[in-house]
*Asks:* 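Can you read through this structure? Questions will come right after.
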Amino acid sequence: MNLMTEETDKFRAREEKWQKRWKQERAFVPLNDGSKPKYYNLIEFPFPSGSGLHVGHMLPYTGMDVLARFRRHQGYDVLFPIGYDSMGISSEKYATKIGKHPRDSVAELIKIFEKDISVMGLSFNPESTVATSDPEFIKWTQWMFIQFFKAGLAYKSELPMNWCPCCKTNLTNEELEDGKCERCHGPVEKKMKLQWNLAMTKYADRLIDDLSLVDYPEQVKVQQINWIGRSCGADVNFMVDDDVMTVYTTRIDTIFGVTFCVLAPEHKLISKWLENEKITNKQEVMDYIESAKSKSEFERTDVTKTKTGVKLDGVMATNPFNGRKIPVFISDYVLVDYGFGAIMAVPAHDSRDWDFAKKFNLDIIPVLAGGTDGAVYEGDGLHINSEFLNGMGKDEAIATAIKYGEEHGFAKGTKKYKLKDWGFSRQMYWGEPIPLVHCEKCGWQPVPESELPLLQPFMSDYKPTDDGESPLARATDWVNTTCPVCGGVAKRETDTMPQWAGSSWYFMRYIDSKNNNAFCDRKLLDKWMPIDHYNGGMEHTTRHVLYSRFWYKALSDLGFVPGVEPYKKRTSNGLLLAEDGRKMSKSLGNMVPSSDAVARAGADACRMTILSLGPWEQNVNWSEGTLSGVQRFLKRVENLSDNLTHDTMTVEQERLVNQLISDVTERIENMRFNTAISGMMEFLNAFNGGKMPYDAYEILIQLLNPFAPHLTEEMWEKLGHKDMMVYTAWPVFDAAKLVKQETVIVVSVNGKRSGDFVVAANATQEEITEHAKVVAQKKLSGVQIIKTIYVPNKLINFVVK
RNA sequence: GGCCCUGUGGCGGAAUUGGUAGACGCGCUUGACUCAAAAUCAAGUUCUGCAAGGAGUAUCGGUUCAAGUCCGAUCAGGGCCA
C-alpha cells in the first residue's frame with residue numbers, strides 16, 4: 001500500500017503540537033458553569049486486557065469523538081469521559097497469565113491504553129477518568145450494595161449455579177456461551193451453593209414498560225423484552241394425595257386436555273417422595289436425576305433432541321378441574337428455576353408434550369377444534385371436550401378458566417418472567433468484596449460506612465480454591481472480625497461482586513470523580529443525568545445495559561438519583577474486523593494496533609479510515625486501501641490551502657457549499673459518518689483543477705474538523721485565525737441557496753429510461769412535456785400515449801399502448 | 001426450532017417518502033511528467049456488443065405508470081435466544 005511515509009512524519013509532528021495545546025488549554029474539560037446547555041456523550045469503557053488497543057477499539061471512540069466535537073461546535077457544554085473497567089475476572093486472568101498482582105498489571109495496562117488513546121486525538125475529558133479498581137471507586141460500589149441490602153434487594157439463596165471447574169468460579173447464565181463457559185469454553189456443571197442475589201425481577205415490569213421513555217434501537221428493545229420474557233398465565237394446584245403440586249401454565253384454557261404432569265428432576269417434592277417411599281421405582285428415578293445434573297440448560301431444552309424421562313411409579317396427580325387422575329413424570333426438559341419447575345402437559349396441542357406422550361404411550365385428548373388425527377395441533381381453534389369452556393375462543397376460555405379456578409381456590413392468574421434475579425456472588429480474588437459480616441447473634445450485617453472501602457487483603461496466591469469457595473476464604477485473619485452491631489465474633493462474607501458491578505454506575509462517577517463525600521454531588525447529578533447518548537456493543541444489550549438500568553432504578557427508588565432511566569439514547573456500532581474478515585486477534589496475527597496505524601498514516605487519516613469503512617451499525621473490514629485513499633484526500637485538502645482565491649462564489653459554488661453544510665450536518669447527526677466523509681470528497685472533486693474560493697475552503701475545514709481535528713486546526717491557523725477550532729460555531733446553511741438553477745429531467749416510456757435533458761428549474765410542465773416528447777421521439781412514434789406522469793424536477797414517464 | 005438482520009461491479013460500499021442503480025474510496029487500464037520508477041496530474045472502468053442496442057441489485061413470482069427499495073415464497077450468509 002502506498003502510504004506517504006515522508007508526509008506522515010509531518011502529520012505526526014503537527015498532531016503532537018495540537019494535542020499538547022488542547023491539553024494545556026483544557027479544551028475538553030466541561031465548563032460546568034451553566035453558561036451552555038449540557039450534553040453527556042458516553043462510550044463504553046474498556047477493560048484493560050493484554051492484547052492492547054487495536055483499530056477496532058477505536059471505532060466507537062472515534063465515532064463518538066466526532067459527535068462530541070460536533071456538539072461543542074453546536075454550543076453545548078460536553079462531557080465526554082473515558083475510564084477503565086479494571087475490576088473482575090478479565091483483569092484477574094491477565095494478571096495470572098503474566099504472573100503479576102492485578103493491582104500492578106492494571107496500572108501498567110492503563111498507562112499503555114492512555115498513550116494509545118491520546119495519540120488518536122480523542123477529545124476525552126482528561127480530568128474525569130475513573131477506574132473501577134480504584135479504592136475510592138470500590139468504596140462507592142460497596143456503599144451502593146449496602147443501600148440495596150438495607151432496602152431488602154440483596155438476599156442469599158441456594159440456587160443451582162453454573163460451576164466452571166476450569167475457571168473455578170460460578171457463572172451466571174449471561175456468562176455462558178452455548179451452554180459452556182464464555183472464557184475457557186469448557187463444560188459447565190450444576191452445583192448448589194448459597195449465594196447473594198439482587199432482586200432484579202422486582203423491576204421486571206418497569207424494565208419493560210419504561211422502554212417507552214427512551215430512544216433505543218427497536219432491535220435492542222425487542223431483545224430486552226424477550227430476555228425479560230414476561231408472560232401472563234396461571235398457577236394451578238394439582239393434588240398428589242395430601243401434597244399440593246403447583247404448575248405454571250400460559251394455556252390454562254387447555255386444562256381439560258391435560259393427560260400427565262412433568263416435574264424438573266430437582267423438584268423439591270421428589271426428594272420428599274423418595275424419602276417417604278411414595279415413589280416405588282426409587283433407583284430408576286435417582287439414576288435419572290444424577291444423569292440430568294451433568295447436562296447444561298442448553299442441552300436440556302434443545303427441542304430437536306429426543307425427550308427422556310421417568311415415570312414416578314406410585315404418584316398420581318388429580319386435575320382439579322375434572323378430578324381426573326393422571327401420571328407424573330420427571331424430565332430434564334422442565335427447568336427447576338422457571339415457574340415452579342413443574343408443568344401440566346397437553347400433548348394434543350404442544351409439540352414437546354406430544355413427543356413425550358408418544359414415547360411413553362400416554363393419552364392424547366384434543367381440546368381445540370381444527371387439528372387432524374395423528375398430529376400435534378398448535379394453532380388456534382374453538383374449545384371442545386372442555387365442559388364449560390366448549391365453544392369459546394382462546395382469550396375468553398383463559399379468562400373463564402382463571403375465574404373458575406379462583407372461585408374454587410385451586411388456580412389463580414399470575415405473571416412470570418424468564419428473567420432471574422441477578423446472581424451477584426463470585427468466587428474470585430479481583431472483585432469488590434461483598435461488604436457484609438455474619439454474626440451468630442445478629443445475622444448478616446453491613447460493614448459500617450466509615451470502614452469503606454473494604455479491600456481484599458493482599459494475597460500473592462489468589463487462585464480460586466478447588467471446592468468452590470472464594471480465595472478470600474483462605475485469608476483467615478481477614479475473614480475473622482467482630483460484629484459491627486454487638487461486637488461479638490463474626491466472619492466476613494468471602495464472595496466478591498461480578499465484573500458488572502462497577503460498570504452499572506461508573507457513568508455517574510465521571511461527573512464528579514474526585515468527590516470524597518458522595519458517589520457524586522447531587523446537584524451535578526441533576527444537571528448531567530440522564531446521559532444524552534450512550535453508544536456501545538450489541539453484546540451488552542441484555543447484560544450491562546439491563547443491569548445498569550436496574551441499578552439506576554433501584555437507586556432512584558431510594559432517592560439517590562434523578563429520573564428513572566440512565567440513558568436517553570442508545571446506539572450500537574458494528575464490529576471492525578480484520579482485513580481478512582475475521583475477528584482481530586493476536587493469535588491469528590491479523591491485528592492492526594492503533595498505535596501502528598497512527599505511526600504509519602497519522603491520526604487524522606486513521607480516524608477517517610475507521611469511519612469510512614461502512615455504515616455504523618454494520619460489521620466492517622479494515623482496509624489498508626481506504627487508509628491510503630483517505631491520506632491522499634487529506635493531502636489534497638492541505639495543498640488546496642495554497643490555491644485559494646478571494647473571488648466571490650458563483651451561484652453554483654454557493655449551492656455546493658450550502659448543500660455540503662446541510663449534508664454533513666445531517667449525516668453526523670444520524671451517525672452516517674461514511675457518507676459524511678464521501679460528501680466532502682465529492683465537494684473537493686467538484687473543484688478539481690481549479691481554485692477554491694477562500695470562504696468555501698473555510699467552511700470545508702470547519703465541517704472536516706470533527707473528523708480530522710489536527711489538520712484542520714493547522715489550516716485554520718494558516719488562514720489567519722488566532723482562536724482554536726474547538727469552540728467555533730458550526731456553519732449554518734441557507735435553504736434558499738440549495739435550489740438548483742437547472743435540473744436534469746429523465747424521460748421514460750412505460751417506466752423504461754429512454755433519455756434525459758437539462759432544463760431551467762423554473763420551466764413549466766407543458767414545456768417539459770413537449771421537450772420530453774422530442775427526446776423520446778423514437779419510442780413514441782406509432783404508439784398512443786395513454787397517460788403522462790410527471791415527477792417535478794426529476795422525471796417524466798409516458799404510458800403508451 | 002424461534003426472533004432479528006443482511007444479500008448491489010474485481011473489492012469496501014452509495015442511492016429521502018418507490019422515480020437517472022453503481023456516488024465516494026480501493027484496485028485496474030491508458031495518457032502526461034520521468035533515463036526509469038515512485039508520487040502526482042488527466043481520462044476511462046457493471047456486463048455484453050464494433051456500434052445502435054440489450055441485460056442487470058441472490059433466485060422465482062406479485063403489486064405499480066415506475067421496484068435495489070413494497071408484498072409472498074425459496075436459497076445463501078450473519079447475529080441473538082432456546
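Every value quoted in this text rests on a predicted model; they were computed, and no experiment measured them. Protein chains get the first letters and strands the later ones, always in sequence-line order, with residue 1 at the start of each. The figures that follow rest on heavy atoms only: side chains count, while hydrogens, waters and symmetry mates do not.
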*Asks:* Let me know the distance between CG of A/Leu634 and P of B/rC24, rounded to the nearest Å.
*Replies:*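 Going from CG in A/Leu634 over to P in B/rC24 covers 18 Å.
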*Asks:* Within the supplied structure, the quantity of interest is the number of heavy atoms (other residues, nucleotides, ligands) at a distance under 6.0 Å from A/Lys583 NZ; does it exceed 12?
*Replies:*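 Open: at most 12 neighbouring heavy atoms sit under 6.0 Å from NZ of A/Lys583.
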*Asks:* For B/rG53 versus B/rG72, give the span between their C1' atoms, rounded off to a whole number of Å.
*Replies:*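 My reading of the C1' atoms in B/rG53 and B/rG72 gives 34 Å.
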*Asks:* Please measure how far the C1' atom in B/rG22 lies from the corresponding atom in B/rG44, and state the result in whole Å.
*Replies:*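 Between the two C1' atoms, the distance is 16 Å.
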*Asks:* Classify the ring geometry between A/Phe329 and A/Phe356 as parallel (under 30°), tilted (30 to 60°) or perpendicular (over 60°).
*Replies:*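 A/Phe329 vs A/Phe356 ring planes: perpendicular.
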*Asks:* Of the nucleotides B/rG19, B/rG13, B/rG25, which has the atom closest to the A/Ile789 side chain?
*Replies:*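 Looking only at heavy atoms from C-beta outward on A/Ile789, the closest nucleotide is B/rG19.
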*Asks:* Taking pairing as Watson-Crick or G-U wobble with both contacts under 3.5 Å, can you name the mate of B/rG31, or confirm there isn't one?
*Replies:*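 Across any shown strand, B/rG31 pairs with B/rC41.
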*Asks:* With respect to the side chain of A/Gln219, which nucleotide from B/rA23, B/rC4, B/rA14 is positioned closest?
*Replies:*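 Ranking B/rA23, B/rC4, B/rA14 by closest atom to the A/Gln219 side chain puts B/rC4 first.
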*Asks:* Over all strands shown, is A/Leu613 touching base, sugar-phosphate only, or nothing at heavy-atom distances under 4.0 angstrom?
*Replies:*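 Sugar-phosphate contact only.
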*Asks:* Would you mind pulling out the nucleotide paired to B/rU16, Watson-Crick or G-U wobble, both distances under 3.5 Å?
*Replies:*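 For B/rU16, the partner nucleotide comes out as none, under the 3.5 Å rule.
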*Asks:* Could you walk me through whether A/Ile228 and A/Leu546 satisfy the side chain to side chain contact (heavy atoms under 4.5 Å, CB included) test, starting with their C-alpha distance in whole Å, then the side-chain angles of each, then the deciding distance to 0.1 Å, before giving a yes or no?
*Replies:* CA-CA 9 Å; A/Ile228 295 167; A/Leu546 208 55; 4.2 Å; yes
*Asks:* Kindly say if A/Asn621 contacts the phosphate of B/rC11, meaning a side-chain N or O under 4.0 Å from OP1 or OP2.
*Replies:*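 Negative; the distance criterion is not met.
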*Asks:* Would you call A/Lys718 and A/Asp642 a salt bridge, using N to O less than 4.0 angstrom?
*Replies:*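 So A/Lys718 pairs with A/Asp642 through a salt bridge.
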*Asks:* So if I take every side-chain heavy atom of A/Asn797 and compare against B/rG19, B/rA23, B/rA55, which nucleotide ends up nearest?
*Replies:*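 Nearest to the side chain of A/Asn797 among the choices is B/rG19.
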*Asks:* Please measure how far the C1' atom in B/rG68 lies from the corresponding atom in B/rU6, and state the result in whole Å.
*Replies:*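 To the nearest whole Å, 13 Å.
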*Asks:* Under 4.0 Å from OP1 or OP2 of B/rU40: is there any side-chain N or O of A/Arg632 that close?
*Replies:*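 Checking B/rU40 against A/Arg632, a side-chain N or O does come within under 4.0 Å of OP1 or OP2.
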*Asks:* Base, sugar-phosphate, or nothing: which does A/Thr675 touch, judged by heavy atoms less than 4.0 Å apart?
*Replies:*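 Here A/Thr675 touches the backbone only, sparing every base.
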*Asks:* Within less than 4.0 Å of OP1 or OP2 of B/rG2, is there a side-chain N or O belonging to A/Lys418?
*Replies:*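 Negative; the distance criterion is not met.
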*Asks:* Please state whether the phosphate of B/rG2, meaning OP1 or OP2, lies under 4.0 angstrom from any side-chain nitrogen or oxygen of A/Asn226.
*Replies:*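 No, outside the criterion.
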*Asks:* What's the closest nucleotide to the side chain of A/Glu682 if the choices are B/rU20, B/rC24, B/rA14?
*Replies:*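 In terms of side-chain proximity for A/Glu682, the closest of B/rU20, B/rC24, B/rA14 is B/rC24.
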*Asks:* What's the closest nucleotide to the A/Lys794 side chain, out of B/rA21, B/rA14, B/rG19?
*Replies:*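 Of the options given, the side chain of A/Lys794 lies nearest B/rG19.
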*Asks:* Given B/rC80, B/rC65, B/rA23, identify the nucleotide with an atom nearest to the side chain of A/Gln223.
*Replies:*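 Closest nucleotide to the A/Gln223 side chain: B/rC80.
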*Asks:* State, without any angle test, whether A/Glu44 and A/His544 hold a side-chain donor-acceptor pair at a distance under 3.5 Å.
*Replies:*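 Looking only at side-chain atoms, A/His544 and A/Glu44 do not form any donor-acceptor pair under 3.5 Å.
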*Asks:* Using purine N1 to pyrimidine N3 plus N6-O4 or O6-N4 for Watson-Crick, or N1-O2 and O6-N3 for G-U wobble, both under 3.5 Å, which nucleotide pairs with B/rG10?
*Replies:*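 Matched B/rG10 with B/rC26 under the 3.5 Å cut-off.
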*Asks:* Do NZ/NE/NH1/NH2 and the carboxylate oxygens of A/Asp596 and A/Arg600 come within less than 4.0 Å?
*Replies:*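 Looking at A/Arg600 together with A/Asp596, the answer is yes, because their closest N to O distance falls below 4.0 Å.
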*Asks:* So what does A/Val799 touch, heavy atoms closer than 4.0 Å: a base, only the sugar-phosphate, or nothing?
*Replies:*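 Sugar-phosphate: the residue A/Val799, judged by heavy atoms under 4.0 Å, touches backbone atoms but no base.
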*Asks:* What is the nucleic acid contact for A/Arg636, judged by heavy atoms within less than 4.0 Å: base, sugar-phosphate only, or nothing?
*Replies:*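 If one applies the 4.0 Å heavy-atom cut-off, A/Arg636 turns out to touch the sugar-phosphate alone, with no base involved.
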*Asks:* What's the gap between B/rG9 and B/rU63 when it is taken at their P atoms, as a whole Å value?
*Replies:*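 It works out to 27 Å between them.
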*Asks:* Can you tell me, in whole Å, how much space there is between the P of B/rU45 and that of B/rG10?
*Replies:*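 B/rU45 and B/rG10 have their P atoms separated by 15 Å.
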*Asks:* What integer number of Å spans the C1' atoms of B/rC47 and B/rU57?
*Replies:*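 To the nearest whole Å, 13 Å.
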